[in-house]
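Quick note: residue numbers are just sequence positions, from 1.
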Amino acid sequence: MASERRTALVEGLMGRFPQVPPEAVLKEDLLRGGMAFDESALSGNEDGDVKPKSYFIFSFDHRTLPELGAAALNRPPEEIVLTGGPYDLRRTVVSVRVNPASPYVVRAGEDGALGLYLDGARIADVGLPPMPDYYRHTLSNGKSVMEVAPTIQWGYLVYLTVFRVCQYFGAKEECQYCDINHNWRQHKAAGRPYTGVKPVEEVLEALEIIDRHDTARASQAYTLTGGAITSHVGGRDEADFYGQYAKAIEERFPGRWIGKVVAQALPKADVQRFHDYGVRIYHPNFEVWDRRLFELYCPGKERYIGRDEWHRRILDSAEVFGARNVIPNFVAGVEMAQPLGFASVVEAIDSTAEGLRFFMSHGIVPRFTTWCPEPTTPLGKENPQGAPLEYHIRLLETYRATLEDFGLSSPPGYGPPGPGRAVFSVSSFMDSLPAVDPDPEPVAP
């Protein structure tokens, strides 16, 4: 059976790569291929005791909302945590990516306790994120905190997608792996609340509720992000549009959260504005390293800025933020998307390693998100299985080795590294690093 082959694949890779924690092997497989949910494991939306999936920027699903069945009407949890089982898993936080056809199924056992099942065998106990108290309160206009300021990474990160569409639009400009615009459309079509541009005042009110009710101070960072801005939104360019939120947050809540912004690679003067507004970590994502694939997969970014200029701007931004606080993301796995990507795992890893070495040689530590092949994207349609699991495991090995080669450590603003400790949920790079205490806050340039 196909699912039996999946068990053999997973256990085979655990044996071949013993230096990669088994938690990371399973987590990568769940992120690249998704998980199915029995109705007994669905969250109950915002009326239950479990934090539901917020769809905070992308769909991160392997089916569209109309194809998810019960999981579209009664949301799955935002994340799950895995422990125990035959692999003796340490606590592992995994972002939920729904795939009704996945061989991994979350369901209740005979004892009523939730577990993760593969080939009919229970391979882990499953914990669900409790509904945070701040989600039970609404803004003065009736909007939910989850709609305006959802939290992920088991509550560590407040994710502020303040512009829910991207101005790189259409086949000739959209990144070929990105479904931000479709995600907007599908939520609006389903009648779900999905605010396109979040007013600053709403964001501040939602943060006030979080600050008041998050008495344990689980939330430690916020990310400001959204679609690329090639002209203006509300009369503001990209730096001023996203920067206005940082400025308002830092004035209202000085030092309460580590401020991060995900934006394009902007000119140094614009990057300086981010820093002046109070942002402390800058994510000018480079998406994919290979020149040919960047040009093919990121046509809007190539047209408006270009790969070489994008990289120059990343290096320039280190002069503003300090190299340690510039953390560009790449989408791990799109290197192998067919028919245009690398045909072999070794070729793909060699290319990505070249990019890691380039940035790390300048003291900049990239991070990555495990590619979810969403079905409405060109690459997702052509590659519903994503990249091979072996690619993801070799990448974890390569990432750690490159960090060690340059004497660098895990980037700030992601919580603690190490298996059993990491909370970063959309890839396993933090789970696969040594368990050491992280810096409490970004290092000032």
Asp431/Lys27 salt bridge by N-O under 4.0 Å criterion:
yes
Can you find a pair of side-chain heavy atoms, one from Arg292 and one from Leu340, that are under 4.5 Å apart?
yes
Could you pull out all residues at least two apart from His232 that satisfy ring pair (Phe, Tyr, Trp, His ring centres under 6.0 Å)?
none
Can you list the residues that meet the side chain to side chain contact (heavy atoms under 4.5 Å, CB included) rule with Val105, with sequence neighbours excluded?
Ala36, Arg107
For Ala348, which residues count as a side chain to side chain contact (heavy atoms under 4.5 Å, CB included) partner, sequence neighbours excluded?
Glu335, Met336, Phe342, Tyr391
Do Arg307 and Trp289 form a cation-pi contact, if we require the NZ or CZ to be under 6.0 Å from the six-membered ring centre and within 45 degrees of the ring's axis?
yes
Determine whether a donor-acceptor pair (N or O, by modelled atom type, separation under 3.5 Å) exists between the side chain of Gln264 and the backbone of Ala228.
no
For residues 231-243, pull every pair meeting salt bridge (Lys or Arg N to Asp or Glu O under 4.0 Å), keeping only residues two or more places apart or in separate chains.
Asp237-Arg273, Asp240-Arg273
Quick test of your reading of the model: are Asp276 and Lys247 salt-bridged, counting only N-O distances below 4.0 Å?
no
When you compare the side chains of Asp38 and Tyr117, does any donor N or O come within less than 3.5 Å of an acceptor on the partner?
no
Classify the angle between the aromatic ring planes of Tyr194 and His187 as parallel (below 30°), tilted (30 to 60°) or perpendicular (above 60°).
parallel
If we ignore hydrogens and angles and just use 3.5 Å, is the side chain of Asn99 paired with the main-chain N or O of Gly33 as donor and acceptor?
yes
Count the heavy atoms belonging to other residues, nucleotides or ligands that lie under 6.0 Å from CD of Glu67, then report whether that count exceeds 12.
yes
Could you check whether any side-chain N or O of Thr352 sits under 3.5 Å from a backbone N or O of Ile349, counting only pairs where one atom can act as donor and the other as acceptor?
no
All N/O donor-acceptor pairs, side-chain side in residues 155-162, below 3.5 Å, sequence neighbours left out:
{"from": "Tyr156", "atom 1": "OH", "to": "Gly415", "atom 2": "N", "distance (Å)": "3.3"}
{"from": "Thr161", "atom 1": "OG1", "to": "Phe56", "atom 2": "O", "distance (Å)": "2.4"}

Contacts satisfying ring-ring contact (aromatic ring centres under 6.0 Å, His included) that involve residues 165-185 (not counting sequence neighbours) are Tyr168-Tyr304
A side-chain contact here means heavy atoms from C-beta on lying under 4.5 Å apart; do Asp125 and Val81 qualify?
no
Can you classify the ring geometry of His311 versus Phe286 as parallel (below 30°), tilted (30 to 60°) or perpendicular (above 60°)?
perpendicular
Taking every heavy atom of Asn181 against every heavy atom of Cys166, the minimum-distance pair comes out as OD1-N, 2.8 Å
For a side chain to side chain contact (heavy atoms under 4.5 Å, CB included) with Pro284, tell me which candidate from Ile314, Asn329, Leu266 qualifies.
Ile314
Closer than 4.0 angstrom, basic N to acidic O: yes or no for Arg256 and Glu250?
no
A side-chain contact here means heavy atoms from C-beta on lying under 4.5 Å apart; do Asp29 and Leu389 qualify?
yes
What one should report as the nearest heavy-atom pair of Thr398 and Ala353 is CG2-CB, 3.8 Å
Donor-acceptor contact present, side-chain Thr195 to main-chain Lys198, <3.5 Å:
no
Take atom CG in Asp49; do more than 12 heavy atoms of anything else shown fall under 6.0 Å from it?
no
Would you confirm whether Glu287, through its side chain, and Cys298, through its main-chain N or O, come within 3.5 Å as a donor-acceptor pair?
no
With rounding to the nearest 0.5 Å, note down the distance linking CD in Gln176 to CD in Glu382.
10.5 Å
Salt-bridge test for Glu208 and Arg212: reply yes if a basic N is under 4.0 Å from a carboxylate O, no otherwise.
no
Note: Lys143-Glu202 ion pair, threshold 4.0 Å (strictly below):
yes
Under a 4.5 Å cut-off applied to non-hydrogen side-chain atoms, are Tyr55 and Phe60 in contact?
no
Quick one: does any side-chain atom of Ser410 pair with a main-chain N or O of Pro417 as donor and acceptor, under 3.5 Å?
no
Would you check if there is a donor-acceptor pair between the side chains of Gln186 and Ser59 at a distance under 3.5 Å?
no
Indicate yes or no: at least one non-hydrogen side-chain atom of Tyr104 is less than 4.5 angstrom from one of Arg6.
yes
I want to check something: taking the side chain as every heavy atom from C-beta on, are Arg32 and Cys372 in contact at a cut-off of under 4.5 Å?
no
Are Phe368 and Tyr399 an aromatic pair by the rule of ring centers under 6.0 Å?
yes
Take Glu309 and Arg313 through the salt bridge (Lys or Arg N to Asp or Glu O under 4.0 Å) test and state the conclusion after the steps.
CA-CA 6 Å; Glu309 178 63 18; Arg313 291 179 179 184; 3.0 Å; yes
Using 4.0 Å as the upper bound for N to carboxylate O, is an ion pair formed by Glu173 and Arg303?
yes
Is it the case that Lys301 places NZ or CZ above or below the six-membered ring of Phe294, under 6.0 angstrom from the centre and within 45 degrees of the axis?
no
In terms of heavy-atom contacts, Asn383 and Pro373 come closest through O-CB, 3.3 Å
Using ring pair (Phe, Tyr, Trp, His ring centres under 6.0 Å), reason through Phe424 and Phe429 one step at a time and then give a plain yes or no.
CA-CA 8 Å; Phe424 187 67; Phe429 86 93; 5.3 Å; yes
Between Tyr134 and Thr151, a side-chain donor and acceptor under 3.5 Å:
yes
Does any N or O in the side chain of Glu78 come within less than 3.5 Å of the main-chain N or O of Ser95, such that one atom is a donor and the other an acceptor?
no
Main-chain N/O of Asn285 paired to Trp310 side chain as donor or acceptor, under 3.5 Å:
yes
Go through the steps for Arg217 and Asp214 under the test salt bridge (Lys or Arg N to Asp or Glu O under 4.0 Å), then give the verdict.
CA-CA 5 Å; Arg217 289 297 191 261; Asp214 179 21; 5.5 Å; no
